[in-house]
Amino acid sequence: MNYFVNEKGYFGDFGGAYIPEMLYPNVEELRTNYLKIIEDEDFQKEFHQLLKDYVGRPSPLYLAKRLSQRYNANIFLKREDLNHTGAHKINNTIGQILLAERLGKKRIIAETGAGQHGVATATVCALRGLECVVYMGEIDIQRQAPNVARMKMLGATVVPATSGSKTLKDATNEAMRDWINNPLDTHYIVGSVVGPHPYPDMVAIFQSIISEETKKQLVEHTGSDQPDYVLACVGGGSNAMGMFYHFINDENVKLIAVEAAGKGVDTGHSAATTFLGKEGVLHGSRSILMQTEDGQVIEPYSVSAGLDYPGIGPQHAHLFKTLRGEYVSVTDDEALQAGLRLTQLEGIIPAIESAHALAYLEKMKFTGKENVVVCLSGRGDKDMDTYLKYFGL
Ligand SMILES: Cc1ncc(COP(=O)(O)O)c(C=O)c1O
């Protein structure tokens, strides 16, 4: 079974580039150049130097002792929350800004939900002196205010998306519209493993540093590079794909992807895509998405802005359909409780997105021997308001 992209841009039945004609030249320019640029020696050198000196990689693989006691397994946390700007998103924006420079682009656009991808994009634009415009849903601008402030201070223009559910899907629509109108000088830094080919593959490659490091670190901790389980939350799916990437062909490693059930999968207020969705096209690729009988996208809901998305990337759809990955979901309440639990057991305040992955540990059964890696995709500073209100602190 091939779990990776084929020469046509597909992962099994999913992927491709379903784009308006106006976007064709941009996407084609990327498609024909991305691997050449990424595999170039100079690119690799500059990418890894920045990941080390600027982002602070490798991020630690931390054996969480009190969490391990609670679950009767060795629980390791891959600390993407310790990266510069506070999440995994910076791995991808460093890669894409270097690529945009090599394509001669002067203007950068991005969409953002939780604001972490927006901040990571604004950061690399400041670093390289490029203009930056970030689209963000109006609701997300309110619930992730600290990240909006950071983007502004970094010199980015934050444009509110006011249609639909005023969240990530709508911000992505606006960013695509901008790209159609500015085809020549602009690069669109997509923030997850979504969008037309080659984005899902390209973003997965940049994020694959997560599992590349994890394998080496596991050998130091356990003597083997194979854990029993790896877990990650899934919005579009970039931290999960980074966490899964180098384990995909290790068939004895179980891959668990945790989606946001919101208020519950049956409540009409959910973002549990694989549970509620069907195959279709969203944001330029064939995947699985939440849609009505006649193919209209259903507005998603999650307390977590980064998981509040009605689709998943095409590689995830393929892992789901082939049963290579197990796709599950947890509710807002379960995630928020898991966030508090990690904070009080380990002294680490996680992003509400990452707390979804942690929450699933409550539903697993262990024998005391298992090695389990959870991708701690980001830190919770941006979510303090939501946590404090929820717990009445
Ligand atoms: C900390 C954090 N984790 C996870 C996500 C979800 O994105 P993805 O599924 O692409 O990793 C986000 C998105 O904003 C995020 O900020």
Side-chain angles (χ1 to χ4, degrees), residues 59 77-93 96 110-121 123 134-137 140 143-144 146-148 150-151 167-169 171-172 189-195 199-200 202-204 206-211 231-245 257-260 271-274 283 287 300 302-317 319 325 327 329 335 338-339 342 348-359 374-383 386:
S59 66
L77 304 177
K78 181 59 174 160
R79 299 290 309 274
E80 295 299 300
D81 61 313
L82 293 178
N83 292 341
H84 178 46
T85 70
H88 65 296
K89 297 284 183 186
I90 190 102
N91 304 326
N92 170 45
T93 62
Q96 285 204 49
E111 85 298 334
T112 197
Q116 287 301 143
H117 175 59
V119 168
T121 303
T123 297
V134 180
Y135 292 90
M136 187 169 190
D140 294 339
R143 63 177 160 173
Q144 306 280 235
N147 278 344
V148 178
R150 293 164 82 195
M151 285 185 263
T167 57
L168 180 56
K169 161 180 68 69
T172 309
I189 300 193
V190 172
S192 192
V193 286
V194 299
Y199 280 105
M202 179 169 76
V203 176
F206 291 141
Q207 291 294 0
S208 70
I209 187 73
I210 299 174
S211 46
L231 283 87
C233 66
V234 177
S238 68
N239 85 93
M241 201 45 70
M243 186 77 251
F244 293 172
Y245 200 91
V258 187
E259 297 184 321
T273 303
T274 53
H283 294 145
S287 188
S302 165
V303 67
S304 148
L307 306 187
D308 197 345
Y309 186 69
I312 47 169
Q315 194 168 10
H316 282 291
L319 295 178
Y327 286 72
S329 62
L342 183 73
I348 300 170
I349 304 176
I352 297 176
E353 288 78 13
S354 324
H356 281 71
L358 293 162
V374 183
C375 186
L376 199 67
S377 55
R379 66 178 87 126
D381 308 26
K382 68 185 179 62
D383 297 316
T386 308

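As the structure lists them, so they are numbered: ligands from 1, and atoms in each ligand from 1.
- Considering only non-hydrogen protein atoms, atom 15 (C) of ligand 1 sits nearest to Glu353 CG, 3.8 Å.
- Using a 4.0 Å cut-off between heavy atoms, His88 contacts ligand 1 through its side chain alone, with no backbone atom that close.
- Taking a cut-off of under 4.0 Å to the non-hydrogen atoms of Ala114, the atoms of ligand 1 that pass are 14 (O), 16 (O).
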Next item on the list: Please lay out, stage by stage, how Val194 and His283 fare under the test side chain to side chain contact (heavy atoms under 4.5 Å, CB included).
Entry: CA-CA 7 Å; Val194 299; His283 294 145; 5.6 Å; no
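- Both the backbone and the side chain of Ser238 come within contact range of ligand 1, each with a heavy atom under 4.0 Å.
- Considering both main-chain and side-chain atoms, Gly235 comes within under 3.5 Å of ligand 1 through a nitrogen or oxygen pair.
- Of the N or O atoms in Ser377, one or more lie within a sub-3.5 Å distance of an N or O in ligand 1.
- Proximity of Cys233 to ligand 1 is established by a heavy-atom distance of less than 4.0 Å.
- With rounding to the nearest 0.5 angstrom, the NE2 atom of His117 is 9.0 Å from the OG atom of Ser192.
- In this structure Ser59 satisfies the side chain to side chain contact (heavy atoms under 4.5 Å, CB included) test together with Arg57, Lys78, Glu80, Asn83, Glu213, sequence neighbours excluded.
- Ligand 1 has no N or O atom lying under 3.5 Å from any N or O atom of Val193, backbone or side chain.
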Next item on the list: Please step through side chain to side chain contact (heavy atoms under 4.5 Å, CB included) for the pair Val203 and Val193, ending with a clear verdict.
Entry: CA-CA 6 Å; Val203 176; Val193 286; 4.0 Å; yes
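- Ligand 1 has no nitrogen or oxygen under 3.5 angstrom from a nitrogen or oxygen of Ser354.
- Atoms of ligand 1 found under 4.0 Å from any heavy atom of Ala351 (numbered from 1 in listed order, with element): 1 (C).
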Notebook entry, point to check: Stepwise, does the side chain to side chain contact (heavy atoms under 4.5 Å, CB included) test hold for Asn239 with Glu353?
Noted result: CA-CA 10 Å; Asn239 85 93; Glu353 288 78 13; over 6 Å; no
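- A donor-acceptor distance shorter than 3.5 angstrom exists from the side chain of Asn147 to the backbone of Ala114, with no hydrogens or angles considered.
- In the model, Asn92 has no side-chain atom that pairs as donor or acceptor with a side-chain atom of Gln207 under 3.5 Å.
- Counting the atoms of ligand 1 from 1 in the order shown, those under 4.0 Å from a heavy atom of Ser192 are 8 (P), 10 (O).
- Shown in contact with Lys89 at under 4.0 Å from a heavy atom are these atoms of ligand 1, numbered in order with element: 7 (O), 8 (P), 10 (O), 12 (C), 13 (C), 14 (O).
- The distance from ligand 1 to the heavy atoms of Gln116 drops below 4.0 Å at these ligand atoms: 16 (O).
- Under a 4.0 Å criterion applied to the non-hydrogen atoms of Gly306, ligand 1 contributes the atoms 6 (C), 13 (C), 14 (O).
- Between the side chains of Thr93 and Thr121, no donor-acceptor pair of N or O atoms lies under 3.5 Å.
- Below 4.0 Å from some heavy atom of Gly237 lie the following atoms of ligand 1, by number and element: 8 (P), 9 (O), 10 (O).
- Of all the atoms in ligand 1, the ones that sit under 4.0 Å from a non-hydrogen atom of Gly236 are 9 (O).
- No salt bridge links Arg150 with Asp381; every basic N to acidic carboxylate O contact stays at or beyond 4.0 Å.
- Within the set Leu168, Val119, Asn239, the minimum heavy-atom distance to atom 11 (O) of ligand 1 is found for Asn239.
- One N or O on the side chain of Ser354 and one on the backbone of Gly378 form a donor-acceptor pair closer than 3.5 Å.
- Evaluation of the side chain to side chain donor-acceptor pair (under 3.5 Å) rule for Tyr199 yields no partner, not counting sequence neighbours.
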